[in-house]
Amino acid sequence: LPRGGTHTLAHDRASGGEASDALRAHYVVEGWVVVRGVVEAGLIAALQEATDALEAEAAEITASRRDRGVFFEVQSASGRKGEPAVA
């Protein structure tokens with residue numbers, strides 16, 4: 001195993017692909033899989049920070065609107081468009 005004792009795709013390919021087969025099988029059944037070592041921790045932290053900021057900003061949206069090229073649509077109590085958002 002590489003330093004730290006966790007599998008990576010590069011290590012798996014070099015060691016015969018058994019873990020890769022297990023990951024593929026898990027994906028087929030579950031529709032998702034965790035692949036470690038693909039993205040550096042700093043990028044993950046930056047993406048999490050940006051996601052948290054977007055979530056906080058979106059919590060303040062009370063009416064459907066377009067902002068920075070993205071359309072945010074809120075759900076009203078009645079389900080009709082143009083009415084205030086439900087909390």
Side-chain angles (χ1 to χ4, degrees):
L1 289 176
R3 195 173 63 190
T6 60
H7 280 282
T8 65
L9 285 181
H11 174 263
D12 183 47
R13 286 188 190 112
S15 64
E18 292 171 17
S20 164
D21 292 341
L23 291 174
R24 188 173 294 105
H26 183 275
Y27 180 78
V28 167
V29 172
E30 300 294 335
W32 62 271
V33 66
V34 174
V35 181
R36 301 193 187 283
V38 175
V39 179
E40 293 181 6
L43 178 57
I44 292 171
L47 290 169
Q48 184 64 58
E49 185 177 325
T51 301
D52 291 346
L54 179 61
E55 183 178 12
E57 195 174 327
E60 302 298 318
I61 297 174
T62 58
S64 297
R65 69 176 187 194
R66 183 172 307 279
D67 185 10
R68 291 169 283 179
V70 177
F71 184 72
F72 293 88
E73 185 172 22
V74 299
Q75 178 66 48
S76 67
S78 70
R80 289 190 288 271
K81 294 182 184 276
E83 294 182 358
V86 292

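Remember, predicted model here, so these are calculated numbers, not experimental data. Both backbone and side-chain heavy atoms feed into the values below; hydrogens, waters and symmetry mates do not.
- Counting only residues at least two apart or on different chains, the ring pair (Phe, Tyr, Trp, His ring centres under 6.0 Å) pairs with a member in residues 21-64 are His26-Trp32.
- Partners of Val28 under the side chain to side chain contact (heavy atoms under 4.5 Å, CB included) rule, at least two apart in sequence or in another chain, do not exist in this structure.
- Hydrophobic clustering places Val70 together with Ile61 (ILVMFWY residues linked when any side-chain heavy atoms are closer than 4.5 Å, directly or through intermediates).
- Within the structure, every pair that satisfies the salt bridge (Lys or Arg N to Asp or Glu O under 4.0 Å) test and touches residues 60-71, not counting sequence neighbours, is listed here: Glu57-Arg68, Arg65-Asp67.
- Here the closest non-hydrogen pair linking Ser76 and Glu83 is CB-CB, 3.6 Å.
- Nearest approach of Leu23 to Val33, heavy atoms of both residues: CD2-CG2, 3.3 Å.
- Atom CD of Glu40 has 12 or fewer neighbouring heavy atoms from other residues, nucleotides or ligands inside a 6.0 Å radius.
- Note on Val34: it does not cluster hydrophobically with Val39, by side-chain heavy-atom contacts below 4.5 Å among ILVMFWY residues.
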